[in-house]
Peer 1: 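The structure that follows is given in the form of C-alpha cells.
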Amino acid sequence: MKHYVITLLSAAIMMGCNSDTQDDGSGETGCSGFLSPVINVRLHDSIDDNLVIDDATVLLIETSDTGSNQDYATYIADDDNLAQSETGAYFSVLSINAMSYLIDIEVTAEGYNSAVVKNIAFEVDSSCGAENTLSYDVYLCPINSNCL
C-alpha cells in the first residue's frame with residue numbers, strides 16, 4: 001500500500017509546461033505546470049443510490065494512436081490527502097503517454113450485473129495549472145432486478 005501511495009503521489013506531481021508560459025520580465029516563468037490525468041469513477045446502485053459499492057473491480061482501458069494500457073482503480077474510502085482523488089470513488093492515475101485518448105470502463109461487483117462504458121474521450125489540458133481530472137458515474141443494476 002505504501003508503494004502504491006508513493007507511486008500515486010509521484011505520478012500526480014509530474015508536471016510540465018507548454019508554450020503558454022508567462023514571463024514577467026524577471027527571467028522566471030509563471031507556469032505552474034499541469035497535473036497528470038486521473039479518473040474518479042463513482043459507482044451507484046441503480047435502484048438505491050444511497051448504497052455504497054466499495055468492493056467492485058474497476059478496470060480502465062486507455063487507448064490512443066500510440067498504444068493502449070490497462071489500470072485497475074482503487075476505492076478511496078477515506079480522505080487520502082490527494083487533491084485529485086474523491087472520497088467514495090474509485091481512483092486511478094491514467095498512465096498512457098498521450099495527449100488524447102479513449103477510455104473504457106469495465107465494472108464488476110458481487111450481486112450486480114457487469115457494466116461497460118466505452119469510448120469516453122479525454123484530452124489532456126497542457127495549459128498552466130490544468131488539473132486533468134475526469135469524474136464519471138456508473139450505475140450498476142442488481143442481479144435479478146428490473147432497472148436501467
Side-chain angles (χ1 to χ4, degrees), residues 1-22 31-148:
M1 180 68 173
K2 182 178 180 181
H3 175 67
Y4 175 75
V5 171
I6 291 171
T7 302
L8 212 81
L9 285 171
S10 298
I13 294 173
M14 289 175 24
M15 296 182 180
C17 291
N18 67 3
S19 62
D20 65 352
T21 59
Q22 300 169 356
C31 180
S32 62
F34 60 92
L35 296 176
S36 296
V38 301
I39 188 169
N40 290 287
V41 179
R42 293 179 300 269
L43 300 183
H44 305 275
D45 181 297
S46 290
I47 295 175
D48 184 356
D49 199 31
N50 292 320
L51 289 178
V52 175
I53 303 172
D54 60 0
D55 59 349
T57 299
V58 178
L59 174 63
L60 305 166
I61 303 166
E62 307 146 37
T63 307
S64 75
D65 293 338
T66 60
S68 65
N69 193 50
Q70 295 184 0
D71 293 305
Y72 286 96
T74 302
Y75 183 72
I76 306 298
D78 299 308
D79 185 5
D80 60 0
N81 295 318
L82 294 176
Q84 290 179 286
S85 68
E86 296 176 14
T87 301
Y90 290 80
F91 173 80
S92 182
V93 174
L94 299 172
S95 57
I96 195 167
N97 188 16
M99 293 305 287
S100 64
Y101 44 92
L102 297 175
I103 302 167
D104 296 343
I105 302 171
E106 297 179 5
V107 179
T108 55
E110 188 174 335
Y112 292 90
N113 292 313
S114 298
V116 177
V117 181
K118 291 197 166 271
N119 298 322
I120 302 166
F122 187 75
E123 185 93 18
V124 174
D125 181 355
S126 62
S127 62
C128 291
E131 290 190 10
N132 289 306
T133 301
L134 175 64
S135 294
Y136 208 85
D137 292 288
V138 175
Y139 291 84
L140 298 178
C141 187
I143 293 175
N144 299 323
S145 66
N146 294 325
C147 64
L148 297 174

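Side chains included, hydrogens not; waters and symmetry mates left out as well; all remaining heavy atoms used. The model shown is predicted, which means the values in this text are computed figures rather than measured ones.
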Peer 1: Got S95 and E62 here, is their nearest side-chain heavy-atom distance under 4.5 Å?
Peer 2: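 In contact.
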Peer 1: Can you find a pair of side-chain heavy atoms, one from V117 and one from V41, that are under 4.5 Å apart?
Peer 2: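 No - every pair of side-chain heavy atoms lies 4.5 Å or more apart.
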Peer 1: How close do V93 and S36 get, heavy atom to heavy atom, and via which atoms?
Peer 2: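 Closest heavy-atom pair between V93 and S36: CG1-CB, 4.4 Å.
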Peer 1: In Å and rounded to the nearest 0.5 Å, what is the CD1 to OG distance from I103 to S92?
Peer 2: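 The CD1 atom of I103 sits 9.5 Å away from the OG atom of S92.
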Peer 1: With a 4.5 Å cut-off on side-chain heavy atoms, are N40 and T133 touching?
Peer 2: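 When only atoms from C-beta onward are counted, N40 and T133 do touch, with a gap below 4.5 Å.
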Peer 1: Which heavy-atom pair separates S68 from I96 by the least distance, and what is that distance?
Peer 2: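 Of all heavy-atom pairs spanning S68 and I96, the closest is CA-CD1, 3.7 Å.
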Peer 1: Distance-only, no hydrogens or angles: does the Q84 side chain make a donor-acceptor pair with backbone N or O of E131 under 3.5 Å?
Peer 2: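 Between the backbone of E131 and the side chain of Q84 there is a qualifying donor-acceptor contact (under 3.5 Å).
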Peer 1: When you measure from the side chain of Y136 to the backbone N and O of I105, does any donor-acceptor pair fall under 3.5 Å?
Peer 2: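 No, the answer is negative, given that no donor and acceptor are paired below the 3.5 Å cut-off.
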Peer 1: Which atom names give the shortest non-hydrogen contact between Y90 and L43, and what distance separates them?
Peer 2: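 Smallest interatomic distance, heavy atoms only, reads CE1-CD1, 3.3 Å.
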Peer 1: Is any side-chain heavy atom of N113 closer than 4.5 Å to one of L140?
Peer 2: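 They are not in contact (no side-chain heavy atoms under 4.5 Å apart), so the answer is no.
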Peer 1: Within the structure provided, determine whether L59 and Y72 are in side-chain contact (heavy-atom separation under 4.5 Å).
Peer 2: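 Answer yes - side chains close enough.
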Peer 1: For A121 versus L102, what's the shortest heavy-atom pair and its separation?
Peer 2: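 Looking at all heavy atoms of both residues, the shortest contact is CA-CD2, 3.8 Å.
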Peer 1: Show your reasoning for whether side-chain contact (heavy atoms from CB on, under 4.5 Å) applies to E106 and S114.
Peer 2: CA-CA 7 Å; E106 297 179 5; S114 298; over 6 Å; no
Peer 1: Report, as yes or no, whether the 6.0 Å neighbourhood of atom CG on N97 holds more than 12 heavy atoms from other residues, nucleotides or ligands.
Peer 2: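 12 or below, so no.
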Peer 1: Assess whether atom CG of N144 is packed by more than 12 heavy atoms of other residues, nucleotides or ligands within 6.0 Å.
Peer 2: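 At most 12 heavy atoms, drawn from other residues, nucleotides or ligands, come within 6.0 Å of this atom.
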Peer 1: Does any non-hydrogen side-chain atom of F122 lie less than 4.5 Å from one of I39?
Peer 2: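 The answer is no; the side chains never approach within 4.5 Å.
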Peer 1: Taking atom CG of D49 as the centre, report whether more than 12 heavy atoms of other residues, nucleotides or ligands fall under 6.0 Å from it.
Peer 2: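 Check passes, neighbour count above 12.
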Peer 1: Specify the closest pair of heavy atoms between S46 and Y139, including all atoms of both residues, with the distance to one decimal.
Peer 2: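 Residues S46 and Y139, closest heavy atoms: OG-CB, 3.4 Å.
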Peer 1: side-chain contact (heavy atoms from CB on, under 4.5 Å) between N119 and D104: does it pass, once the steps are laid out?
Peer 2: CA-CA 6 Å; N119 298 322; D104 296 343; 4.0 Å; yes
Peer 1: If I take atom CD1 from residue I76 and atom CZ from residue R42, how far apart are they, to the nearest 0.5 angstrom?
Peer 2: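 I76 CD1 to R42 CZ: 13.5 Å, rounded to 0.5 Å.
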Peer 1: Of all heavy-atom pairs between D78 and T87, which one has the smallest distance, and what is that distance?
Peer 2: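 Heavy-atom minimum between the residues: C-OG1, 3.8 Å.
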Peer 1: Measuring from atom OG of S145 to atom CG of D48, what distance do you get when rounded to the nearest 0.5 angstrom?
Peer 2: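 Here the rounded value is 11.5 Å.
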Peer 1: Would Y75 and D55 count as having a side-chain donor-acceptor pair, cut-off 3.5 Å?
Peer 2: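 No, because no side-chain N or O of Y75 sits under 3.5 Å from a partner of the opposite role on D55.
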Peer 1: For N132 and V124, indicate whether the former's side chain and the latter's backbone hold a donor-acceptor pair under 3.5 Å.
Peer 2: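 No; zero donor-acceptor contacts below 3.5 Å.
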Peer 1: Can you name the one residue among V138, T57, I53 that meets side chain to side chain contact (heavy atoms under 4.5 Å, CB included) with V107?
Peer 2: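 Result for side chain to side chain contact (heavy atoms under 4.5 Å, CB included) with V107: V138.
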Peer 1: Rounded to the nearest 0.5 Å, what separation is found between the CD atom of E86 and the CG atom of D79?
Peer 2: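 Atom-to-atom, E86:CD and D79:CG are 11.5 Å apart.
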Peer 1: Does a side-chain heavy-atom distance below 4.5 Å link T66 with Y101?
Peer 2: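 Result no, sub-4.5 Å side-chain heavy-atom pair not found.
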